[in-house]
Amino acid sequence: MTSLTQLRAIMATSPYFTAVQQRQRLGNSSNSSVLPKLSNEGNLLAGATARVGVGFFLNPFTVLKARFESEMYAYRTLSGSLIAITRMGPHELLRGFLASSLRDAPYAGLFVVFYESIKRETSHLFPSVYATGIHSFSAASAGAIATLVTQPFDVVKTKMQVRTEDRYRGFMSTVVRTWTQRGIGGFFDGASLRLTRKVFSSAIGWAVFEGMLLFMQTKPVS
């Protein structure tokens with residue numbers, strides 16, 4: 001969120017990404033947001049760039065999480081499993097990064113676009129609703145849409161990071177294998193669990209994040 005906000009603040013200074021027209025808000029001013037205002041293209045680019053950048057540095061821990069939760073590896077401790085993966089080289093630490101990027105870039109980009117759009121429309125239609133409710137509803141809705149769109153890439157990413165067979169080492173080979181075994185339904189395995197997690201985490205996270213920003217902005221200086 002910090003990376004995204006800083007990137008959006010930088011992009012907001014450019015006429016190419018600044019929102020051309022902002023709708024005047026009516027009613028309760030507490031529904032306003034202090035986040036930078038960008039065009040849909042700007043929000044899409046900012047979300048995708050920030051998430052892929054962070055994902056690059058966190059990819060080793062994503063691999064660790066996927067394998068530690070899997071029953072296919074005899075890892076006993078988190079530190080031991082991280083050391084074992086590190087010894088296999090950088091390629092193993094970054095395994096599945098392409099699939100993760102193809103999932104994270106559109107997810108984060110679409111999330112920010114839908115979040116800002118839904119938040120703007122909801123604030124306009126229900127000006128008397130508290131800001132927390134608007135932020136939670138907008139984030140939950142945006143998280144649900146973005147999750148369903150990117151679920152196939154999450155399935156491919158997980159298979160690449162967990163499975164050890166050669167047919168799961170490449171992105172395209174994993175896609176073909178999943179399609180051959182399960183068809184289109186195979187790309188949505190675990191969608192309900194991921195959808196539930198994303199909806200609630202988005203609603204809570206963004207409500208707290210925007211709430212804290214509003215609080216810090218309006219708090220009087222002593």
Side-chain angles (χ1 to χ4, degrees), residues 1-14 16-55 100-154 188 190-219:
M1 289 180 176
T2 300
S3 301
L4 175 62
T5 302
Q6 292 299 319
L7 181 59
R8 292 176 69 188
I10 295 174
M11 294 175 65
T13 62
S14 170
Y16 297 103
F17 300 113
T18 304
V20 177
Q21 182 178 2
Q22 292 296 329
R23 174 177 293 172
Q24 295 294 327
R25 296 180 185 274
L26 304 174
N28 191 349
S29 61
S30 66
N31 288 340
S32 62
S33 173
V34 298
L35 294 177
K37 303 298 188 297
L38 302 178
S39 62
N40 287 337
E41 295 80 5
N43 284 324
L44 184 66
L45 180 61
T49 302
R51 187 63 187 87
V52 171
V54 172
S100 295
S101 298
L102 292 175
R103 176 201 64 179
D104 292 341
Y107 174 85
L110 290 173
F111 178 90
V112 177
V113 170
F114 284 117
Y115 174 70
E116 292 295 334
S117 298
I118 296 173
K119 181 175 65 176
R120 181 176 62 251
E121 297 300 327
T122 305
S123 298
H124 176 70
L125 294 174
F126 305 100
S128 61
V129 177
Y130 286 109
T132 301
I134 290 178
H135 297 155
S136 295
F137 173 76
S138 302
S141 301
I145 297 172
T147 296
L148 290 176
V149 172
T150 59
Q151 178 63 22
F153 295 109
D154 184 69
F188 289 91
S192 59
L193 293 175
R194 182 169 176 251
L195 185 64
T196 302
R197 179 173 64 88
K198 286 292 185 179
V199 166
F200 283 102
S201 64
S202 298
I204 296 172
W206 281 88
V208 173
F209 179 61
E210 289 236 45
M212 289 300 298
L213 291 180
L214 288 171
F215 173 76
M216 289 186 291
Q217 185 191 48
T218 58
K219 183 179 180 180

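Predicted model only: the values in this text are computed from it and were never measured.
Put simply, the side chain of Thr150 does not reach to within 4.5 Å of the side chain of Lys198, judged on heavy atoms. Using a 4.5 Å heavy-atom cutoff, the side chains of Ser117 and Asn40 are in contact. At a threshold of 4.5 Å between non-hydrogen side-chain atoms, the residues Met11 and Leu7 count as touching. Counting only heavy atoms from C-beta outward, the side chains of Glu116 and Arg8 approach each other to under 4.5 Å. Looking only at side-chain heavy atoms (C-beta outward), Asn43 and Ser39 stay at 4.5 Å or farther from each other. Using a 4.5 Å cut-off on side-chain heavy atoms (C-beta onward), His135 and Leu214 make contact. Using a 4.5 Å heavy-atom cutoff, the side chains of Glu210 and Tyr115 are in contact.
For the atom pair NE2 of His124 and OG1 of Thr122, the computed distance is 11.0 Å after rounding to the nearest 0.5 Å. Considering OG of Ser101 and CZ of Phe153, their distance stands at 11.0 Å, rounded to 0.5 Å. Remark: Leu195 CG to Phe188 CZ distance equals 11.5 Å, nearest 0.5 Å. Interatomic distance, OG1 of Thr147 versus CZ of Arg103, reported as 9.5 Å (0.5 Å rounding).
Considering all non-hydrogen atoms of both residues, Leu148 and Pro152 come closest at O-CD, 4.1 Å. Here the shortest heavy-atom pairing between Ala46 and Leu38 reads CB-CD1, 4.3 Å.
Partners of Asp104 under the side chain to side chain donor-acceptor pair (under 3.5 Å) rule, at least two apart in sequence or in another chain, do not exist in this structure.
Panel note: side chain Lys37, backbone Leu35; a donor-acceptor pair is recorded below 3.5 Å. In terms of modelled atom types and a separation under 3.5 Å, the side chain of Ser3 and the main chain of Ala50 share no donor-acceptor contact.
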With a cut-off of 3.5 Å and sequence neighbours excluded, list every side-chain donor-acceptor pair involving residues 137-144.
residue, atom, partner, partner atom, Å
Ser138, OG, Lys119, N, 3.3
Ser138, OG, Ile134, O, 2.7
Ser141, OG, Phe137, O, 2.9

N/O donor to acceptor pairs below 3.5 angstrom from side-chain atoms of residues 106-114, sequence neighbours left out:
none

